[in-house]
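Working notes, structure below.
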Amino acid sequence: MTSSVRPESMQRITTPQLAKEFIDEQVALLREQIGDKKVLLALSGGVDSSVVAALLIRAVGRQLVCVHVNHGLMRKGESEQVIQVFGKELDANLIYVDASDRFLDLLAGVSEPERKRKIIGAEFIKVFDEEAKKLSDISFLAQGTIYPDILESKGVKAHHNVGGLPEDMKFALVEPVKLLFKDEVRVVGEALGLPHSMVYRQPFPGPGLGVRCLGAITRDRLHALREADAILREEFDKNGLAGKVWQYFISVPDFKSVGVKDGLRYEGWPAIIRAVNTTDAMTATIEEIPYALLHHITHRITHEVPGINRVVYDLTPKPIGTIEWE
Ligand code: XMP
């Protein structure tokens, strides 16, 4: 078990060569630690768990069992990317659990944000635990802990820790990137051959679209949100904003306004664009998106996404607004 304190002498991993040295060293250590035993990992498709998965696949191949729980609140294409990259390209031992109905049924009618978060967090643990119990011969639990997780206060994390796992799971922990900062995890991820879009993915809250489908989640509004968000991401990608803006997304509130479509009165939800820059998410400023692009995104969302009839741009910095709407 390695120490949880980053030595002063540890060099920052900034180049593919340094990443390769880290990978070689970790692969040797992981093989020594794990031997011929099996390791379990909750693979969300986020940067940290993906890099840990790729590292473990390199070290112990199919002795790693990855469980990807689709809670029905993923962005468009995310679970598909996990299946494609890990299940197909890296030949991982991947268990895909589509638990969308379970989560959405539990969330039906629940509008209070913290209750929504708690339901999603608790159900995630339940689903993962059920899968773990089906596997009898697991010795280790891998986690995508990174150094800021160790440095940050537990209080802050507890609120965010949707991927938190059952406390009674009696596995030894495998945390190969726990001394790395986020930028280093990304360099290592690229050196392991993961797609750029996965490694440089913007932060995505554990409860996912659940906190962006404001108020009580309904399937039709969640679908509209997912489609509108996909258009925003596609346009930011095409227009060079994806690598520049720290976090950008759509939220859809649970009220409608009147509009007209094809000469008829048409009630729809508004899509709210948020595009913020920050270094630590404690404060945030608003990105200046060119007006022409905002017009184009508005046109696409209102014409391509059934149910949405307005697009608004949230200009509120943090403070005074939080980044998410709930
Ligand atoms: P706020 O809205 O508090 O968000 O300004 C700050 C950052 O945290 C993310 N966020 C969450 N992440 N679980 C998470 O894993 C959550 O419940 C959660 N709520 C907010 C948010 O996306 C932003 O990056």
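Fair warning: this is a prediction, and the values are worked out from it, not measured in the lab. In each ligand, atom 1 is the first atom listed, and ligand 1 is the first ligand listed.
Of the listed residues (Glu114, Arg117, Glu324), the one carrying the non-hydrogen atom nearest atom 19 (N) of ligand 1 is Arg117. Considering only non-hydrogen atoms, atom 12 (N) of ligand 1 lies nearest to Pro205 out of Ser44, Pro203, Gly121, Pro205.
The atoms of ligand 1 that sit less than 4.0 Å from any heavy atom of Lys318 are 1 (P), 3 (O), 5 (O), 6 (C).
At least one N or O atom of Gly206 sits closer than 3.5 Å to an N or O atom of ligand 1.
Panel note: side chain His71, backbone Gly206; a donor-acceptor pair is recorded below 3.5 Å. Between the side chain of Arg186 and the backbone N or O of Val199 there is at least one donor-acceptor pair closer than 3.5 Å. Tyr248 places no side-chain N or O within donor-acceptor distance of the main-chain N or O of Leu241, the cut-off being under 3.5 Å. Between the Thr298 side chain and the Val311 main chain, no donor and acceptor come within less than 3.5 Å of each other.
No close placement of the Phe140 and Phe171 rings is indicated, their centers lying 6.0 Å or farther apart.
By the criterion of a heavy-atom distance under 4.0 Å, the side chain of Trp246, and not its backbone, is placed next to ligand 1.
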